[in-house]
Enquirer: 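Got a structure for you, questions after.
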Amino acid sequence: MNDAPADPFGQISGNGASTSFDLLHEKARRWIWQQGWTELRDIQERSIPILLEGQRDLIIAAGTASGKTEAAFLPIVSRLATDERKPGAGFEAIYISPLRALINDQFGRMETLCEEVETPVWKWHGDVASSVKERARKRPQGILLTTPESLEAILVRRGNEAKRLFAALSYMVIDEMHAFMDADRGRQLQSLLNRIEIAAGHPVVRVGLSATLADMRTSAAFLRPLNPDGVEILESQMGSQPLKLQVRGYIQPRLKQRDANSDKCEVTESTADIEIATHLFDTLRGHRSLIFAGSRRNVELYTARLCGLCETSGVPEEFFAHHGSLSREHREEAERRLKEDNRPGSIIATTTLELGIDVGHIDAVSQIGPGHTVSGMRQRLGRSGRRAGQSSVMRVYTTEIAIDERIHLIDAMRPRTVQTIAMLNLMLRRWNEPPQIGCLHLSTLIQQILALIAQHGGLTVKQGWNRLIESRVFPEIDQALYIDVLRRMKHPEVQLIEQAPDGTLLPGEEGERVINDRGFYAVFMTPDEFKVITDRGRNLGTLPIDSPVMPEQLIIFAGRRWRVIELDNQRREILVTRAYGGVPPKFGGEGLPPADEVVAEMRRVYESIAIPRFLDRIALECLTEARETFDHLGLRHAGLHQHEDELLLFPWVGNRAQLALVLALASHGVTANSEGIAVTVQAKDGSKLIAALKTLAERPAPDAEVLARLVPDMKRAKYDAYLGDELLARCYASEHIDAARVPIIAADLISRLPTGVTTIFET
DNA sequence: GACCTGCTGCGGATTG
């Protein structure tokens with residue numbers, strides 16, 4: 001791989017099979033030779049003719065180290081070098097990345113190639129000096145590496161220059177495309193691509209790069225909404241490195257209650273954490289690895305432990321923390337430490353290092369807990385074993401609580417272990433979470449209407465319709481809803497827009513303020529944190545409010561179970577009281593379950609007798625216990641189980657359907673709580689529950705908007721506050737509540753009532 | 001659910 005061919009301009013591969021190489025510009029071929037490459041990668045071979053032709057959109061779906069960027073940019077710079085170009089006539093290609101750090105990495109890799117072909121390359125994001133942007137703006141040419149937010153800023157602040165900047169544009173490359181899809185940011189990006197093409201005055205070839213796309217049809221529709229069938233798809237045939245996978249189980253002994261009369265404090269450190277840290281230290285010290293710890297708190301905890309172990313062992317520190325609350329300097333220092341010197345070292349991170357920020361070669365990846373998505377898991381796995389002939393190594397650490405007479409049934413079902421197995425099964429089957437369909441994204445629609453008004457100094461209703469709805473950036477929105485949103489924005493209480501006598505939409509008083517806020521260019525919101533206060537006035541800490549919290553609901557906080565008394569939206573406070581007796585489920589009851597497919601796979605794991613090969617001894621024991629509990633509770637046939645003063649329902653559905661069920665029960669006066677795979681109801685409400693389920697099963701599906709109104713604070717996205725109750729409920733319902741399935745779920749639960757239960761509760 | 005992502009232009013002080 002590192003042997004340079006004798007003749008730099010001859011055939012690149014020994015057998016002379018590469019025809020794509022010959023198609024490239026002479027200077028691009030020289031660059032390849034200088035890199036010491038002896039052959040082009042599969043996807044590069046295939047992308048070159050397509051992109052050189054410059055007519056078709058393209059998705060390159062290939063593993064993390066498969067050379068996707070070069071697959072896009074070798075033909076692009078070749079084409080630019082061949083074409084006749086007027087200096088300063090406008091940028092010729094744009095590379096769009098979700099992260100500034102990725103732009104900085106790519107800039108370094110791209111510079112030598114672009115120098116060779118005499119094409120300027122510009123970085124443009126929030127950290128780039130305004131003098132550099134000024135120069136790029138005065139003489140736009142070559143390749144622009146930027147973020148959606150920076151593009152938004154360019155269009156909003158320099159709308160009248162857009163034509164000049166983009167008139168010569170031939171290509172738009174979107175890196176890590178999966179990171180945009182299914183998110184507000186993705187809608188904004190789609191709209192930006194459209195607005196840039198309109199400014200350019202001609203269609204521009206779109207190229208999407210990703211390693212974890214769920215489904216090529218939806219991905220093509222994301223890239224080119226008006227012509228998905230015209231998008232060429234390249235999926236890598238290679239790149240499946242040998243895989244070494246292990247799930248390691250750990251048992252957490254129950255901590256003894258602190259004795260109020262004793263002055264001896266119990267050790268509060270968890271043994272499972274210590275064992276995991278010790279194993280990480282023993283296996284990773286001296287290697288180069290990434291450890292995904294799941295939360296910022298865990299990152300800190302494990303970094304401290306691992307550094308402590310380095311100290312007591314008298315070895316140099318080689319473990320570094322990396323998460324969103326740490327300063328950029330701190331994070332970059334950790335990245336540099338690993339990248340620059342190829343010494344041993346590990347970074348403990350949240351999702352901050354999931355995307356391809358360059359930290360050099362990685363031997364192994366560790367993950368603590370199952371994580372939240374299968375595609376995230378795959379993305380993390382892809383960060384190791386990137387060298388030819390090496391395996392990808394991944395260890396997943398799962399913790400379950402020791403079984404004793406006080407264990408909660410949900411814990412006894414070993415949900416973490418089973419979820420991990422289910423997610424790995426799905427990953428091995430090459431499944432990824434599909435983007436959710438039907439979401440209205442009204443907050444982003446509002447932002448884009450304002451952005452278009454700002455860019456053009458005003459907008460007609462028809463122009464807005466053409467650019468946002470007819471363009472299929474917001475295909476879920478019909479004419480009536482579009483008009484409703486505009487009316488709302490114009491409402492005297494809102495004043496985001498006003499209308500000139502000729503009908504042109506202009507910014508209203510509030511609209512001016514919103515557009516001129518420097519945060520306007522980003523469509524996503526940094527979530528508000530709620531203070532959690534007990535009825536005795538104790539401040540427990542803060543809780544990020546991105547899940548619905550209702551009075552009467554149970555939440556787990558600071559290791560205890562609490563009942564919500566009251567929610568104060570003004571003061572951003574949640575008032576709680578200690579919940580009724582019984583031990584809280586330590587790991588199971590963390591709210592809504594994962595996606596439908598993951599829950600369905602979990603059920604199959606419980607029901608099956610198959611033993612995955614990737615389990616260590618304790619993980620295997622946990623799986624055995626999980627299946628024993630499952631059978632002991634009769635869950636193979638029953639969907640309900642009573643345990644002391646609690647009823648546990650098992651609908652076996654994912655988050656949106658389970659939230660619909662919980663809210664539908666609430667609408668019938670039954671307080672239900674999502675505790676992972678189970679829904680819990682107080683036993684005293686048993687007869688009410690059965691009656692409610694029967695009604696729900698018989699009647700047509702409840703209206704999702706009506707259910708949404710039971711959620712006290714439906715605001716999730718940045719400009720939701722402007723929507724008003726009605727639009728907000730529609731929007732929330734479209735994104736979070738799968739009401740259509742409620743009758744089927746209720747009927748299924750009724751049909752799975754354990755024998756005897758109906759008679760007990762039916763009186 | 002946990003976590004993550006982004007950002008202009010101008011006024012004023014400081015420095016060479």
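These numbers were taken from a predicted model, which means no experiment stands behind them.
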Enquirer: Round to the nearest Å and state the distance from A/Met377 atom CE to B/dA2 atom C1'.
Expert: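 For the pair A/Met377 CE and B/dA2 C1', the rounded distance is 15 Å.
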Enquirer: A/His372 side chain: which of B/dT8, B/dA2, B/dC4 is closest?
Expert: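 The answer is B/dA2.
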Enquirer: Reckon A/Arg296 has a side-chain N or O less than 4.0 Å from the OP1 or OP2 of B/dC4?
Expert: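 Answer is yes, contact under 4.0 Å.
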Enquirer: What's A/Ser150 touching, base or sugar-phosphate or nothing? Going by heavy atoms closer than 4.0 Å.
Expert: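 Counting heavy atoms under 4.0 Å across all strands, the contact made by A/Ser150 is with sugar-phosphate only.
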Enquirer: Describe the nucleic acid contact of A/Lys718 in one word from base, sugar-phosphate, nothing, applying a heavy-atom distance below 4.0 Å.
Expert: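 Result for A/Lys718 = nothing.
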Enquirer: Please classify the nucleic acid contact of A/Arg157 as base, sugar-phosphate, or nothing, using heavy-atom distances under 4.0 Å.
Expert: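 Since only primed, P, OP1 and OP2 atoms lie under 4.0 Å of A/Arg157, the category is sugar-phosphate.
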Enquirer: By nearest nucleotide on DNA chain B, pick out whichever of A/Arg380 and A/Phe520 is the more 5' one.
Expert: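 Counting from the 5' end, the first nearest nucleotide belongs to A/Arg380.
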Enquirer: Looking for any heavy atom pair under 4.0 Å, which part of the strands does A/Gly294 touch: base, sugar-phosphate only, or nothing?
Expert: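 If one applies the 4.0 Å heavy-atom cut-off, A/Gly294 turns out to touch the sugar-phosphate alone, with no base involved.
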Enquirer: Atom CG of A/Leu592 and atom C1' of B/dA2: how far apart are they, to the nearest Å?
Expert: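 Going from CG in A/Leu592 over to C1' in B/dA2 covers 13 Å.
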Enquirer: Can you tell me if A/Thr350 touches the phosphate of B/dC4, counting only side-chain N or O atoms and a distance under 4.0 Å to OP1 or OP2?
Expert: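 Result: yes.
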Enquirer: May I ask you to check if A/Arg185 and A/Phe524 form a cation-pi contact, with NZ or CZ under 6.0 angstrom from the six-membered ring centre and within 45° of the axis?
Expert: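 No, a cation-pi geometry is absent between A/Arg185 and A/Phe524.
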Enquirer: Counting side-chain heavy atoms from C-beta on, which of B/dA2, B/dC4, B/dC7 comes nearest to A/His323?
Expert: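 Among B/dA2, B/dC4, B/dC7, the one nearest the side chain of A/His323 is B/dC4.
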Enquirer: Indicate whether OP1 or OP2 belonging to B/dT8 is found under 4.0 Å from a side-chain N or O atom of A/Lys133.
Expert: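 Yes, such a contact exists.
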Enquirer: For A/Gln379, run the side-chain hydrogen bond (donor to acceptor under 3.5 Å, both in side chains) check against A/Thr351, A/Thr212, A/Asn432, A/Thr373 and tell me which one passes.
Expert: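 With A/Gln379 as partner, A/Thr351, A/Thr212, A/Asn432, A/Thr373 yield a single side-chain hydrogen bond (donor to acceptor under 3.5 Å, both in side chains), made by A/Thr212.
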Enquirer: I need the CD-P distance between A/Glu354 and B/dA2, as an integer number of Å.
Expert: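 About 16 Å, once rounded to whole Å.
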Enquirer: Is there a side-chain contact between A/Leu728 and A/Lys715 (heavy atoms, below 4.5 Å)?
Expert: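 A side-chain contact under 4.5 Å exists here.
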Enquirer: Reckon A/Arg137 has a side-chain N or O less than 4.0 Å from the OP1 or OP2 of B/dT8?
Expert: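 Checking A/Arg137 against B/dT8: no side-chain N or O falls below 4.0 Å of OP1 or OP2.
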Enquirer: Whole angstroms only, please: what is the CG-C1' distance between A/Leu99 and B/dC4?
Expert: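 Whole-Å distance recorded here is 8 Å.
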Enquirer: With the six-membered base ring of B/dT5 as reference, does the ring of A/Phe524 sit under 5.5 Å away with planes under 30° apart?
Expert: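 So A/Phe524 counts as stacking on the base.
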Enquirer: What contact category does A/Arg100 fall into here, base, sugar-phosphate, or nothing, at under 4.0 angstrom with non-hydrogen atoms?
Expert: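 Sugar-phosphate contact only.
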Enquirer: Hey, what's the ring geometry for A/Phe520 with A/Tyr719, parallel, tilted or perpendicular (30° and 60° as the breaks)?
Expert: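 Because their plane-to-plane angle lies in the 30° to 60° range, the rings of A/Phe520 and A/Tyr719 count as tilted.
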Enquirer: Using a 4.0 Å heavy-atom cut-off, does A/Arg297 contact any base of the nucleic acid, only the sugar-phosphate backbone, or nothing at all?
Expert: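 The residue A/Arg297 makes no contact with any strand.
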Enquirer: Please report the distance, rounded to the nearest Å, between CD1 in A/Ile357 and P in B/dT5.
Expert: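 After rounding, the reported distance stands at 8 Å.
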Enquirer: Can A/Gln436 and A/Asp182 be counted as having a side-chain donor-acceptor contact under 3.5 angstrom?
Expert: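 There is no such pair between these side chains.
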Enquirer: When you look at A/His125 and A/Glu149, which way does the side chain to side chain donor-acceptor pair (under 3.5 Å) test go after all the steps?
Expert: CA-CA 8 Å; A/His125 59 65; A/Glu149 289 74 16; over 6 Å; no
Enquirer: Would you mind telling me which residue lines up with the more 5' stretch of DNA chain B, A/Ser295 or A/Asp517, judged by nearest nucleotide?
Expert: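 On the 5' side of the pair lies A/Ser295.
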Enquirer: Round to the nearest Å and state the distance from A/Glu433 atom CD to B/dA2 atom C1'.
Expert: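 After rounding, the reported distance stands at 14 Å.
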Enquirer: Given atom CG of A/Leu290 and atom P of B/dC3, what is their separation to the nearest angstrom?
Expert: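 Roughly 18 Å, once rounded to whole Å.
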Enquirer: In terms of side-chain heavy atoms of A/Arg518, which of B/dC7, B/dC4, B/dA2 is nearest?
Expert: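 Selected nucleotide (nearest to the side chain): B/dC7.
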Enquirer: CH2 of A/Trp124 versus C1' of B/dG6: gap in Å, rounded?
Expert: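 In whole Å, B/dG6 C1' and A/Trp124 CH2 are 15 Å from each other.
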Enquirer: Of the nucleotides B/dC7, B/dT5, B/dC4, which has the atom closest to the A/Arg331 side chain?
Expert: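 Selected nucleotide: B/dT5.
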